[in-house]
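Heads up, the thing below is written out as structure tokens.
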Amino acid sequence: ATEMTLHEFQIIGRRKADEKHPNPVIYRMTIFADNTTSAKSKFWFYLSQLKRVKKANGEILSITEKFEKYPQKVKTFGIFLRYNSRSGTFNMYKEFRDVSRVGAVSRLYADMAGRHRARHSTIQIIKVNELPSSKVRRTSIRQYLRE
């Protein structure tokens, strides 16, 4: 099996300006994707779900790849996600330890595939937070921390 190399992109976009909307609202999203093309596709998918803006009447102002500030330090990440299983849609919170946000999200995809048989396309990442030691909830992660 080929391993996916994820990247973290920050995409800023808006509805195209016209007579009806002279100053459109600007939207910013952090998207985890293989490349810029699929990142833009995910951006429009989520934006059309959340706000009534489609790719046909919108424009992308900027797309930048985000990199880890301290890639040599192991951190704990809390990830909020939503996924479709065979029996419905579920919200979930999981914690992972990794040196980067991208690494933590890659671990999440592998974990969800193993534990829940969730395909990559059915998982929507809502939020990825770096956690201080005091905020770690899961005992399986807490055992690695110094108290």
Side-chain angles (χ1 to χ4, degrees), residues 1-16 24-147:
T2 58
E3 190 180 322
M4 268 188 352
T5 53
L6 282 178
H7 300 276
E8 183 178 9
F9 296 101
Q10 183 182 60
I11 302 181
I12 301 170
R14 65 176 188 177
R15 179 188 297 273
K16 284 181 185 161
V25 180
I26 295 174
Y27 301 102
R28 180 180 66 189
M29 269 185 224
T30 298
I31 303 280
F32 293 91
D34 302 345
N35 51 46
T36 54
T37 308
S38 58
K40 285 190 263 190
S41 175
K42 278 187 179 183
F43 173 79
W44 289 121
F45 171 76
Y46 291 130
L47 198 60
S48 63
Q49 278 191 329
L50 298 168
K51 308 289 178 187
R52 291 181 58 212
V53 180
K54 296 191 303 185
K55 184 179 182 224
N57 54 30
E59 61 186 353
I60 287 181
L61 302 176
S62 89
I63 178 165
T64 52
E65 187 173 349
K66 292 168 73 176
F67 297 98
E68 198 63 37
K69 201 171 185 181
Y70 302 104
Q72 64 279 6
K73 180 183 173 226
V74 178
K75 299 166 277 291
T76 307
F77 295 96
I79 303 176
F80 290 91
L81 67 129
R82 163 202 248 153
Y83 80 102
N84 295 328
S85 76
R86 294 179 182 127
S87 57
T89 304
F90 297 100
N91 293 321
M92 195 177 278
Y93 171 78
K94 287 186 153 296
E95 289 176 355
F96 296 94
R97 285 183 56 81
D98 207 292
V99 292
S100 69
R101 291 163 55 95
V102 173
V105 171
S106 296
R107 284 176 187 265
L108 167 85
Y109 281 126
D111 184 70
M112 291 298 291
R115 289 181 203 263
H116 303 281
R117 299 290 184 262
R119 306 289 178 264
H120 185 277
S121 58
T122 66
I123 299 171
Q124 297 178 10
I125 295 163
I126 298 168
K127 188 163 60 172
V128 179
N129 288 339
E130 186 180 333
L131 301 174
S133 298
S134 59
K135 295 277 191 273
V136 174
R137 300 183 201 173
R138 305 289 182 252
T139 51
S140 60
I141 300 296
R142 195 176 284 145
Q143 68 183 348
Y144 294 109
L145 305 173
R146 290 193 199 107
E147 295 302 323

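Under a 3.5 Å cut-off, the side chain of Arg115 and the backbone N or O of Ala113 do not form any donor-acceptor pair.
Counting all heavy atoms, side chain and backbone alike, Gln10 lies closest to Arg28 at NE2-CD, 3.1 Å. Here the closest heavy-atom approach between residue Ile123 and residue Tyr109 is recorded as CD1-CD2, 3.6 Å. Considering every non-hydrogen atom in both Ser85 and Phe90, the closest pair reads OG-CE1, 3.1 Å. Across all non-hydrogen atoms, the minimal contact from Pro132 to Glu130 is CD-O, 4.0 Å. Minimum interatomic distance between Leu81 and Leu108 (heavy atoms only, all atoms of both residues): CD2-CD1, 3.5 Å. Across all non-hydrogen atoms, the minimal contact from His7 to Asp34 is CD2-O, 3.0 Å.
To the nearest 0.5 Å, atom NE2 of residue His120 and atom CG of residue Leu6 are 5.5 Å apart. In this structure, CZ in Phe43 is found 14.0 Å from OG in Ser38, a value given to the nearest 0.5 Å. Here CG of Asn129 is found 10.0 Å from CZ of Phe77. Values are rounded to the nearest 0.5 Å. A distance of 4.5 Å separates CG of Asn35 from OG1 of Thr37, quoted to the nearest 0.5 Å. Separating the CD atom in Gln124 from the CD atom in Gln49 is a distance of 5.5 Å, to the nearest 0.5 Å. How far NZ of Lys75 is from CZ of Arg97: 10.0 Å, rounded to the nearest 0.5 Å.
Under 4.0 Å is where a charged nitrogen must lie from a carboxylate oxygen, and between Arg138 and Glu95 no such pair does.
More than 12 heavy atoms of other residues, nucleotides or ligands shown are found within 6.0 angstrom of NZ on Lys94. No more than 12 heavy atoms of other residues, nucleotides or ligands sit less than 6.0 Å from atom CZ of Arg82. The 12-atom threshold is exceeded at OH of Tyr93, counting heavy atoms of other residues, nucleotides or ligands nearer than 6.0 Å.
Val128 places none of its side-chain heavy atoms less than 4.5 Å from the side chain of Thr30. Contact annotation: the side chain of Leu47 approaches that of Met29 to within less than 4.5 Å [non-hydrogen atoms, C-beta and beyond].
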Are Ile31 and Tyr46 close enough, and set up right, to give a side-chain contact (heavy atoms from CB on, under 4.5 Å), and what steps lead you there?
CA-CA 10 Å; Ile31 303 280; Tyr46 291 130; 3.8 Å; yes
May I have the step-by-step check of side-chain contact (heavy atoms from CB on, under 4.5 Å) for Ile60 and Trp44, ending in yes or no?
CA-CA 9 Å; Ile60 287 181; Trp44 289 121; 3.6 Å; yes
Passes side-chain contact (heavy atoms from CB on, under 4.5 Å), Phe32 versus Arg101? Steps please.
CA-CA 9 Å; Phe32 293 91; Arg101 291 163 55 95; 4.2 Å; yes
Evaluate Asp111 against Phe96 for side-chain contact (heavy atoms from CB on, under 4.5 Å), listing each step before the verdict.
CA-CA 10 Å; Asp111 184 70; Phe96 296 94; 3.9 Å; yes
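A salt bridge (Lys or Arg N to Asp or Glu O under 4.0 Å) with Glu59 is found for one member of Lys40, Arg14, Arg15 and no other, namely Arg14.
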